[in-house]
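Scroll down for the structure; my scribbles are underneath it.
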Amino acid sequence: MPGWYFDKQELKHTPSGAAGLDYKTEMRYRKEGARFIIDTGMKMDLGYNTTATGVVYYHRFYMFHSFQQFPRFVTACCCLFLAGKVEETPKKCKDIIKIAKALLADNKFATFGSDPKEEVMTLERVLLQTIKFDLQVEHPYLYLLRYAKCLKGDKAKLQKMVQMAWTFVNDSLCTTLSLQWQPEIIAVALMYLAGKLSKFEVVDWVGRNPAHLRWWDMFVEDVTMDLLEDICHQVLDLYSQPEVKSSSESPPPGASRPAAASPSNQSTSRQSNGATTSTTASSASTASSTSEKTQISPETVPPPVNTRIPPPSDVPYPYQTFTHAPPPISYGTPVSFAPPVNTPPPLLGPSPIPSLLSAPPPNAFPPFVNQPPPFTPVVPPPNASFFGNGLPQGHTRHRPPFFPP
Amino acid sequence: MAQSSSNGQDKSSNTYEALNKIGRGAYGTVYKARDKQTGQEVALKKVCIPLSEDGIPMNTLREIALLKQLNAYDHPNIVKLLDICHGQQIGKDLMMFLVFEHVEQDLAMYIEKHTKGFKTTEIRNLSKQIVHGVDFLHSNRIVHRDLKPQNLLVTSDGHIKLADFGLAKTYDFEMKLTSVVVTLWYRSPEILLGLPYSTAVDIWSIGCIIVELFTRKPLFCGKSENEQLNEILRVLGKPPKDEWPAKNAPIKWSSFDINEKVDIKSIAPSMCENVLSLVMNMLTFDPNKRITALEALNHEYFLEEPINT
C-alpha cells in the first residue's frame with residue numbers, strides 16, 4: 001500500500017527525534033517494542049501473521065507519534081490487540097495485559113498506569129486513526145514461500161535456505177525494514193542472504209526466461225544488488241550488537257562479526273530450555289556479503305534475536321515455530337502470481353518433507369502457530385450481511401482482482 | 001490519557017464541514033461535505049458502531065480492512081474511499097465516518113434526465129460497467145445487497161461507480177431511528193422470501209436495472225414483499241414447483257395464482273436478442289441457476305460488435 005514507505009532520511013526525522021530522542025535510542029525502542037510483541041504473541045499462541053501485523057502497526061504508529069508521548073509497551077499491547085482482531089485471532093485485552101505484566105519489569109509495566117486495560121483500549125482509536133485504518137498488512141512470509149516454490153535445486157538445501165530466510169524475516173521485524181520496502185523485496189533480499197549463508201545457489205527456476213538474469217527478476221523489478229545488500233545489512237546489524245541485559249552465559253561471539261562459523265553451526269548450537277542467546281544469529285552474521293559497516297554503539301541494548309527454546313519433541317513436523325520452521329513447501333503446484341486477497345496460501349499440497357527435517361530444525365522453538373499458516377479466509381460474520389453466504393456455483397473463488405494493484 | 005483525546009476524537013468535525021444531507025441510500029445518512037483544507041467535496045457516510053467490551057468489534061474491523069484493501073485496487077467502477085475517521089462516542093456507540101468521493105449524479109437522475117431514452121450502445125456500455133463493478137465486489141466476496149439506480153453513481157464523463165456497499169447495514173445509525181421505506185424493486189425472490197442469499201442477489205438487481213435502462217421505468221414495482229413477489233411472478237411466470245424452496249419459504253408456491261407470463265420483450269421492445277438472453281439469465285428464479293457476474297462479462301451481449309446493437 002502506498003504511503004507507508006519512508007526513506008532513510010525520513011526515518012531519522014520522526015516525531016520522537018523532533019521531541020529530542022536520539023536515533024539510536026529510538027531504534028532500540030522500536031526493537032524492544034517489536035520484540036515484546038513477538039514474545040507476547042508467542043506466549044498467546046498467536047500466529048506469525050498476527051504478530052507481524054502487530055509489529056508493522058507499531059512501527060507505523062511511531063512515524064506519527066513520539067515514544068515520549070506514547071509509552072512503547074502500551075502501544076505494543078494495543079498493536080497486538082488490534083492485529084489479533086484484524087487477523088481473526090482475537091485475544092482479550094485483559095489477557096494481553098496479563099502476559100505483559102508477566103513479561104515486563106515492574107517499572108516498565110508501571111507505564112500502563114492504574115487502569116492498564118483502559119489505557120490500551122483508549123489507545124485503540126488513536127492507533128486506528130494513525131495507521132489510517134490500513135489494517136490489512138502483507139508480510140514477506142507469503143512471498144518467501146511462493147518464490148521458494150519456483151526455485152530448482154537440491155530440495156534439502158532449498159528447505160534449509162527457506163528456513164533460514166524465514167528466521168531472517170522474523171528478525172527483520174525488529175528493524176524498520178517494513179517501513180522501507182515492500183514485503184516482496186524483503187523476501188527476495190533475505191532469501192538471497194539465506195542462499196549465500198546456506199550455500200544454496202540458485203541456478204535455475206521455474207518460469208525462467210531469457211530476460212531474467214537472476215531468479216528474482218521474475219518477481220520484482222529494479223532491485224539492485226546494492227539494495228539487496230543494504231537490506232541484508234540492516235538485518236545482520238541486529239546480530240552484531242552486544243548483548244547487554246541478557247544474563248545469558250554465552251554472549252554472542254558475533255559482537256564483532258566473527259569470520260568463521262558456517263551456517264551449519266546453527267544445528268549444533270541449540271540451547272537448552274529457556275536459554276536466550278543469539279548463536280544462530282551471530283553465525284549468520286558471517287555472511288560473505290557482510291563487509292565492514294555500521295558501528296554499533298556499545299550502549300545499544302542487544303537485539304532480541306528470535307532464538308528461543310527448542311520445540312517439544314512430541315510436536316510433529318510440520319510445526320511452525322516463530323523463528324525457524326516455515327511451512328513445508330510443496331512442489332509441482334502451479335504458482336499463482338497474482339496476490340489473491342485474503343486467500344489461503346496455495347501451498348498445502350502434498351508436502352514432501354525434506355530429510356533434513358528428520359531432526360527438528362536447528363534452534364527451533366515452541367510451536368508458534370498451529371499450522372497451516374493462518375491466512376484466514378474471510379468468514380462471513382454471522383450478522384454482517386454484506387458478506388455473502390457463499391459464492392454462486394462456478395464462480396472462481398480466488399480469481400485475481402480486476403486490476404492488479 | 002489526555003493526549004489521546006486530541007488525536008482520537010472527532011477528527012471528522014475538524015476536517016470536514018457538512019453541507020447538506022444527501023440521504024442517498026435508504027439505510028444510512030450520507031452527507032455532502034467539504035474538506036476544509038482542500039475544499040474538495042466529499043460524501044460522508046455516518047455509521048454507528050456498537051462497542052463491545054473489547055473495543056471495536058472484530059467484524060467491523062475486518063470489514064473496514066477489506067474496504068481499505070479494495071480501495072487500493074482503484075477499480076474504475078467502484079466509488080473511491082478517501083478517508084475514515086471516527087467521531088464522538090455516544091454511550092456504547094462509536095460514530096464513524098466513511099469519507100467517499102462525491103459524485104453529483106446517480107443513475108436514477110441520469111435516467112430521468114434522458115427523456116428520449118438511451119442509445120443501445122450506451123445501454124450496453126453502462127450495463128457492462130455495472131457488471132464489471134459487481135464482478136469486482138464478488139471476486140472479493142462482497143455482496144452489495146442493495147443495488148439500485150440510486151446507488152450507481154454516474155460521473156460527469158459517463159462512468160458508473162458503485163456506491164453504498166460495505167459495512168454491514170446493521171451498523172447503520174439511521175436505520176435504528178427511522179423506519180425508512182426501503183425500495184423492494186430490485187430485490188431478488190430469495191431476499192423477498194427471507195431465504196439465505198449470496199452474490200446472486202446482485203445479479204438479479206442488475207437484470208432489473210438493465211431493463212429499466214431500456215424502458216426508463218422500474219421493471220417490478222411492488223409496495224410490499226408480497227406484492228413485489230407477485231409482480232415478479234406475474235411477468236416471469238411461476239417457476240417450476242421443484243424450484244420453489246419447499247421447506248423454508250414462508251409463502252407457498254400454490255398461493256400464487258399465476259398461469260401465463262409476460263414477455264420481457266413486450267415490455268422493452270427495443271431489446272435485441274443478446275441483451276434479452278442476458279437479462280433472462282439474470283432474472284432466473286433459482287439463484288443457483290442465475291448467471292454470475294463473471295459469466296455475464298463473457299456473455300454474447302458484451303462481446304458482440306458495437307455495430308450490431
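Naming convention: chains lettered A, B, ... in sequence-line order (proteins, then strands); numbering from 1 in each chain. All values below come from the heavy atoms of this structure, side chains included, with hydrogens, waters and symmetry mates left out.
- A distance of 6.5 Å separates CG of A:Leu128 from CE of B:Met96, quoted to the nearest 0.5 Å.
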Problem set entry | Evaluation steps, side-chain contact (heavy atoms from CB on, under 4.5 Å), between A:Glu87 and B:Met58 | CA-CA 9 Å; A:Glu87 302 286 353; B:Met58 181 172 87; over 6 Å; no
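- A:His13 pairs by the side chain to side chain contact (heavy atoms under 4.5 Å, CB included) definition with A:Gln9, not counting sequence neighbours.
- Looking at A:Lys117, A:Lys92, A:Lys94 one by one, the single match for salt bridge (charged side-chain N to carboxylate O under 4.0 Å, His left out) with B:Glu53 turns out to be A:Lys117.
- Annotation for A:Phe133 and B:Lys68: closest pair O-CG, 3.2 Å, computed over non-hydrogen atoms.
- For A:Leu127, no part lies under 4.5 angstrom from a heavy atom of chain B.
- Around the CG atom of A:Asp106, the shell of radius 6.0 Å holds no more than 12 heavy atoms that belong to other residues, nucleotides or ligands.
- A:Gln180 meets the side-chain hydrogen bond (donor to acceptor under 3.5 Å, both in side chains) test with A:Thr176, A:Gln234; sequence neighbours excluded.
- Interatomic distance, NE2 of B:His86 versus CD of A:Glu124, reported as 8.5 Å (0.5 Å rounding).
- In this structure, NZ on A:Lys85 lies 6.0 Å from OG on B:Ser52, to the nearest 0.5 angstrom.
- Both the backbone and the side chain of B:Ile56 come within contact range of chain A, with heavy atoms under 4.5 Å apart.
- At a threshold of 4.5 Å between non-hydrogen side-chain atoms, the residues A:Met121 and B:Asp54 count as touching.
- Only the side chain of B:Leu94 comes within less than 4.5 Å of a heavy atom in chain A; its backbone stays farther off.
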For this session: Apply the test side-chain contact (heavy atoms from CB on, under 4.5 Å) to residues A:Glu88 and B:Leu61: give CA-CA distance (whole Å), side-chain angles for both, the deciding distance (0.1 Å), then the verdict.
Result: CA-CA 10 Å; A:Glu88 291 187 304; B:Leu61 287 171; over 6 Å; no
